[in-house]
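What follows is one structure encoded as structure tokens, with my remarks underneath.
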Protein chains: 2
Amino acid sequence: MPTAEFDDVLAALDAGRRSRRTVMSTSADRAARQVREEVVEGRLRSGTRLPEERLAAAIGVSRNTLREALSQLVAERILVREPNRGVVVATPGPDDIRDLYAVRIVVEPGALEHGPGLTDARLAALRAAVDEGRAALANDDLDGVASANQHFHRAVVAVARSPRLDALMDLLLAEMRLVFHSMGDPGAFHTPYLEDNARICDLLEAGDRDAAARHLAGYLSRARDHLLGAASGRG
Amino acid sequence: MPTAEFDDVLAALDAGRRSRRTVMSTSADRAARQVREEVVEGRLRSGTRLPEERLAAAIGVSRNTLREALSQLVAERILVREPNRGVVVATPGPDDIRDLYAVRIVVEPGALEHGPGLTDARLAALRAAVDEGRAALANDDLDGVASANQHFHRAVVAVARSPRLDALMDLLLAEMRLVFHSMGDPGAFHTPYLEDNARICDLLEAGDRDAAARHLAGYLSRARDHLLGAASGRG
DNA sequence: ATTGCCGGATTGTTCAACAACTGCCATGCT
DNA sequence: AGCATGGCAGTTGTTGAACAATCCGGCAAT
């Protein structure tokens, strides 16, 4: 009896079952993911209404199931529910931008300064995000720059080694993408901050976490004002 | 034509309509609120399963509607969904405690240090929470002490003047209550920290925000270890 | 131009149903 | 006795249809 092999297979199957369960999850989650994707990718623009019946048919789930998905996205502030009128893609205003940056200015520098997970691997991830952004810029790939920027900030928060903060940051970044889309993001918005990211990397590699955190806080409030100016100009 | 007055009335009515809509909200939200209340008040204890049919009947709402409510609470991490087995009241473990405090250690001192809303009114609210806690302690009202402590930390985050951070803190505090209940909270847990809260108030009133933030961070990590010790002892 | 009203469309909510899955018990086999 | 098999009841995941309440647009009437 090759018990060892057999137990391995058993464990593998169990892992497969578990992951399939959490990956596939319920169809409500899948529907939520699909709609979220459409929104953050900008294919569903701010203010567009999402009629339940048609959307449910399009995704291929029941209206009840879709409602569960929509409720979740409303909780994430990606959609807004107007009672008796349905859900629409949120249109973040100046207050939202201020609030988003208020959270980021508390969370991101805090993670850099006090996070217990500033390992070599995570430093490398930060540096990689910077390189990714530079490479994208060299290719005139503005979407790539924006994407790399998100990777950078996600990596910043990862230093806190907190699943809850990671999840929070994902929500914030999704909302940020909505902000950019809702103001017809040229995508060029992020390029000036690439060098700030690089500087933060330098400071961290030099071991000066306080300075890195301060630089990040300052750069975030600069970016907020930059964004607010652009929003009032266009929005 | 008193247009100015009229417009004021108009705006007031509009605000009323908006608030009534969000206050009454849907019955799914009401159901979620009821279940959440039962959980954070400790009447539904960790690990108890919540069969959809009976619960729906008890609340007086359809099973579909209840499912929307439960999904929301699962997203808040107050309940856990076990696929095909239903939802149960979450039982936070040591990892959850560590994570909760990781978030708090980033958010709360950050709010004290950098929050733009440290007005006299908010300082008074902090001081009031301290007084409330002392009064409760004098009355041997341990629940009152715990409640006052929550008020204090909510007031701390309020300094950031960020609706999103306020909402986040509410979630964290709800989870904290679940932690305390799940380890048979004696309620006495909070009393040693009353004086820390008072000290933080003193420092803030003296204008030393940095020191206040540092003290809060230190006290939070002390509380975390205290709690982890108690949890491994009993849990 | 404002008001009042009606019809179409959509949401909020319920009910009933069914397949898939879980846990458990009893059956049967060794 | 001990163990696997299979069936059985109970729950969940999901669907479809229904209905009142509400909202929007237009149309008529004043």
Side-chain angles (χ1 to χ4, degrees), chain A residues 1 3 6-7 10 13-35 44 47-75 79-90, chain B residues 1 3 6-7 9-10 13-14 16-35 44 47-75 79-90:
Chain A
M1 261 184 248
T3 350
F6 181 67
D7 282 357
L10 218 69
L13 286 180
D14 191 56
R17 183 178 57 114
R18 219 175 288 259
S19 82
R20 194 166 309 154
R21 269 197 190 161
T22 57
V23 167
M24 297 200 35
S25 197
T26 69
S27 30
D29 284 343
R30 250 172 299 153
R33 205 172 311 211
Q34 285 189 48
V35 176
L44 281 176
T48 55
R49 306 191 39 194
L50 306 181
E52 299 181 349
E53 200 151 13
R54 257 175 298 167
L55 188 55
I59 296 186
V61 306
S62 149
R63 192 159 82 93
N64 284 335
T65 301
L66 178 73
R67 273 171 74 69
E68 280 188 35
L70 293 182
S71 299
Q72 189 176 336
L73 298 179
V74 167
L79 306 181
V80 178
R81 162 156 279 138
E82 301 179 353
N84 290 317
R85 301 200 44 222
V87 299
V88 303
V89 180
Chain B
M1 262 184 244
T3 350
F6 181 67
D7 282 356
V9 173
L10 219 68
L13 286 181
D14 192 54
R17 182 177 59 114
R18 221 174 287 259
S19 81
R20 195 167 310 155
R21 271 193 188 166
T22 57
V23 166
M24 295 201 35
S25 195
T26 68
S27 36
D29 284 343
R30 251 171 298 152
R33 204 170 314 204
Q34 286 189 47
V35 176
L44 281 176
T48 54
R49 306 192 39 193
L50 306 182
E52 299 182 349
E53 200 151 12
R54 257 176 297 168
L55 188 55
I59 295 186
V61 72
S62 150
R63 193 159 80 93
N64 285 343
T65 302
L66 178 74
R67 271 172 131 298
E68 282 188 34
L70 293 183
S71 298
Q72 189 176 336
L73 298 179
V74 167
L79 306 181
V80 178
R81 164 156 277 138
E82 302 180 353
N84 290 317
R85 301 199 44 221
V87 299
V88 303
V89 180

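Per chain, numbering begins at 1; letters A, B, ... match sequence-line order.
Partners of B/Arg49 under the side-chain hydrogen bond (donor to acceptor under 3.5 Å, both in side chains) rule, at least two apart in sequence or in another chain, do not exist in this structure. Every residue two or more places apart in sequence or in another chain that forms a side chain to side chain contact (heavy atoms under 4.5 Å, CB included) with A/Ala69 is listed here: A/Ala31, A/Ala32. In this structure, the side chain to side chain contact (heavy atoms under 4.5 Å, CB included) partners of A/Thr65, at least two apart in sequence or on a different chain, are A/Ser27, A/Ala28, A/Val61, A/Ser62. Judged as a salt bridge (Lys or Arg N to Asp or Glu O under 4.0 Å), and not counting sequence neighbours, the contacts of B/Arg63 are B/Glu52. Annotation: side-chain hydrogen bond (donor to acceptor under 3.5 Å, both in side chains) contacts of B/Glu68 (sequence neighbours excluded): A/Arg67, A/Ser71.
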query = Base, backbone or nothing for each nucleotide of nucleotides 5-16 of chain D, written B, S, -, heavy atoms under 4.0 angstrom, 5' to 3'?
reply = ------SSBBBB
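If you measure from atom CG of A/Leu55 to atom P of C/dT10, you get 13 Å, rounded to the nearest angstrom.
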